[in-house]
Amino acid sequence: MPELPEVETVRRGLEPVLLGRRFVDGGAHPSAKFNAATSVIDRTVRSVDRRGKYLLIGLDDGRRLVVHLGMTGQFQVHEGEPAADPHVRAWWLLDDGRTLAFRDVRRFGRIAVIDQDLTGLPTLAALGPEPFDEGFTAEGLWRDVNRSTARVKTQLLGQRVVAGVGNIYADEALWRARVHPGSRRITKPAAGRLRRAIIDVLAEGIEHGGTTLRDYRTVEGGEGGNQHRLDCYGRSGLPCPRCGTTLRRSVIDGRGTTRCPTCQRR
DNA sequence: CGCAGCGCCTGAAGGC
DNA sequence: TGCCTTCAGGCGCTGC
């Protein structure tokens, strides 16, 4: 499941491929989730950015091509024509002869073209602070989490208190900060630890090229390396790396969740 | 306005 | 072996 580190790794792979290139042809799955892809034909790429889990490809007419990878979305670059693949939902021929393909088996991804003000995608416009920006503070995290009655993990997944965290990095950050994922309120010290943990697990995820559990691939087609460094996510039944207690899996608001029963108390 | 709940998708894994 | 069921989960949408 691509989260901020995976999307950032993809962004870094796309940038050298796309910067300055013009889309000279393209095609898309007829679904409204993908068919905007063809409206960028004849446009030139001016920037390749990321906001939360969204990729923002800036165009020479001021608009942006926005791509969300969903659960199984991946980009591939081919020299010339790509091989036939029923899971490719959109493709673009570039002016250097290469082809960029967006492949998404489960079709949870989404492609849109929006104006500069981002209002074309309300969820994007409403995202919380980028975790690496100054605007993401312990004070703000404490205030926002406690303003709602929802569980802290659910709020992290909601993209409003901070952008870019998904199920893997939520479990990792909560474990590292020793915060119970089901808590509805957190103390100021806990908010401070959680902010630090979120920033660190995401930065380490980027540093190691993202977490490949099944579908996630880099633009070059490789796997990430962060799956070998997880302390908590997906490790139910194994000992907590900090205290040795057996990690336990449960379901919180419908999301599979792993935590340490000793380190992460309410 | 906030939020809970459901639906979207399909391949993999588990049960019998 | 093969069929069937369950699960994974980010986010859009609906309705209270």
Side-chain angles (χ1 to χ4, degrees), chain A residues 1-11 28-36 50-56 66-75 85-90 102-114 118-128 130-131 143-174 181-185 198 201-202 205 210-217 223-224 226-227 230 232-237 249-259:
Chain A
M1 55 225 80
E3 306 178 27
L4 188 152
E6 291 73 41
V7 178
E8 175 61 21
T9 303
V10 169
R11 189 201 70 76
H29 187 278
S31 152
K33 297 178 77 173
F34 306 109
N35 64 14
R50 177 194 55 75
R51 176 81 170 93
K53 304 177 195 173
Y54 291 83
L55 287 163
L56 309 175
V66 181
V67 181
H68 195 292
L69 301 178
M71 287 290 296
T72 57
Q74 39 185 244
F75 277 102
D85 181 337
H87 295 125
V88 168
R89 310 305 181 189
F102 178 67
R103 184 174 186 272
D104 181 12
V105 171
R106 287 186 198 171
R107 287 194 264 162
F108 274 34
R110 190 174 174 195
I111 296 174
V113 177
I114 61 172
L118 306 187
T119 52
L121 277 178
T123 305
L124 174 59
L127 286 180
E130 280 294 310
R143 181 193 63 227
D144 290 345
V145 166
N146 289 336
R147 183 160 52 200
S148 162
T149 59
R151 301 175 191 277
V152 60
K153 174 169 178 180
T154 304
Q155 295 208 56
L156 293 182
L157 298 181
Q159 310 301 305
R160 295 296 297 268
V161 299
V162 63
V165 177
N167 209 34
I168 297 169
Y169 296 96
D171 276 9
E172 290 296 297
L174 289 162
S183 296
R184 296 180 189 274
R185 294 185 55 80
I198 288 168
V201 299
L202 294 175
T211 303
T212 297
L213 296 176
R214 180 176 298 175
D215 298 288
Y216 162 70
R217 291 293 183 281
E223 299 190 353
N226 201 58
Q227 61 276 13
L230 299 177
C232 183
Y233 178 91
R235 296 179 55 81
S236 174
R249 184 182 188 278
S250 65
V251 175
I252 289 184
D253 289 337
R255 301 293 176 221
T257 300
T258 304
R259 71 178 177 94

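Nothing here was measured: the structure is a model prediction, and the numbers come from that model. Note on naming: letters A, B, ... go to the chains in the order of the sequence lines (proteins, then strands), and numbering restarts at 1 for each one.
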Side chains of A/Thr211 and A/Tyr169: is there a donor and an acceptor less than 3.5 Å apart? yes
Considering heavy-atom distances to DNA chain B, does A/His87 or A/Arg147 have its closest nucleotide positioned more toward the 5' end? A/Arg147
Spell out, as yes or no, whether a donor-acceptor pair under 3.5 Å connects the side chain of A/Arg185 to the backbone of A/Arg151. no
If you look at every strand shown and take non-hydrogen atoms under 4.0 Å, does A/Thr72 touch a base, only sugar-phosphate, or nothing? nothing
For A/Arg147, is there an ion pair with A/Asp144 - N to carboxylate O distance below 4.0 angstrom? yes
Looking at the side chain of A/Ser148, which of C/dG12, C/dG10, B/dC3 is the nearest nucleotide? B/dC3
Looking for any heavy atom pair under 4.0 Å, which part of the strands does A/Tyr233 touch: base, sugar-phosphate only, or nothing? sugar-phosphate
Can you say whether the rings of A/Tyr54 and A/His68 are parallel (under 30°), tilted (30 to 60°) or perpendicular (over 60°)? perpendicular
Integer-rounded Å distance: C/dG9 P and A/Lys53 NZ: 11 Å
Nearest-Å distance for atom pair OH/P, residues A/Tyr54 and C/dC11: 5 Å
Quick one: the side chain of A/Arg214 and the base of B/dA12, do they pair up donor-acceptor inside 3.5 Å? no
When the distance from CZ of A/Arg107 to C1' of C/dA8 is rounded to whole Å, what number comes out? 17 Å
How close or far is atom P of B/dG5 from atom CG of A/Asp253, stated in whole angstroms? 8 Å
Less than 4.0 Å between a side-chain N and a carboxylate O, is that true for A/Glu130 and A/Arg51? yes
Residue whose closest nucleotide on DNA chain C lies nearer the 5' end, A/Val251 versus A/Leu121: A/Val251
Under 4.0 Å: is that the gap between some side-chain N or O of A/Arg106 and OP1 or OP2 of B/dC8? no
Side-chain donor or acceptor of A/Arg255 under 3.5 Å from a matching atom on the base of C/dG10? yes
Most 5' of A/Thr149 and A/Lys33 on DNA chain B, judged by nearest nucleotide: A/Thr149
A/Asp104 CG to C/dG9 C1', in whole Å, measures 13 Å
Verify stack between A/Phe108 ring and C/dC11 base, 5.5 Å, 30 degrees: no
Which whole-number value in Å describes the distance from A/Ile252 CD1 to C/dA8 P? 14 Å
Sugar-phosphate, base or nothing in reach of A/Gln159, heavy atoms under 4.0 Å: sugar-phosphate
State which of C/dG10, B/dT10, C/dA8 makes the closest approach to the side chain of A/Arg249. C/dA8
Find the distance A/Ile168:CD1 to C/dA8:P and express it as a whole number of Å. 13 Å
Rounded to whole angstrom units, what separation is found between the NE2 atom of A/His29 and the C1' atom of B/dT10? 12 Å
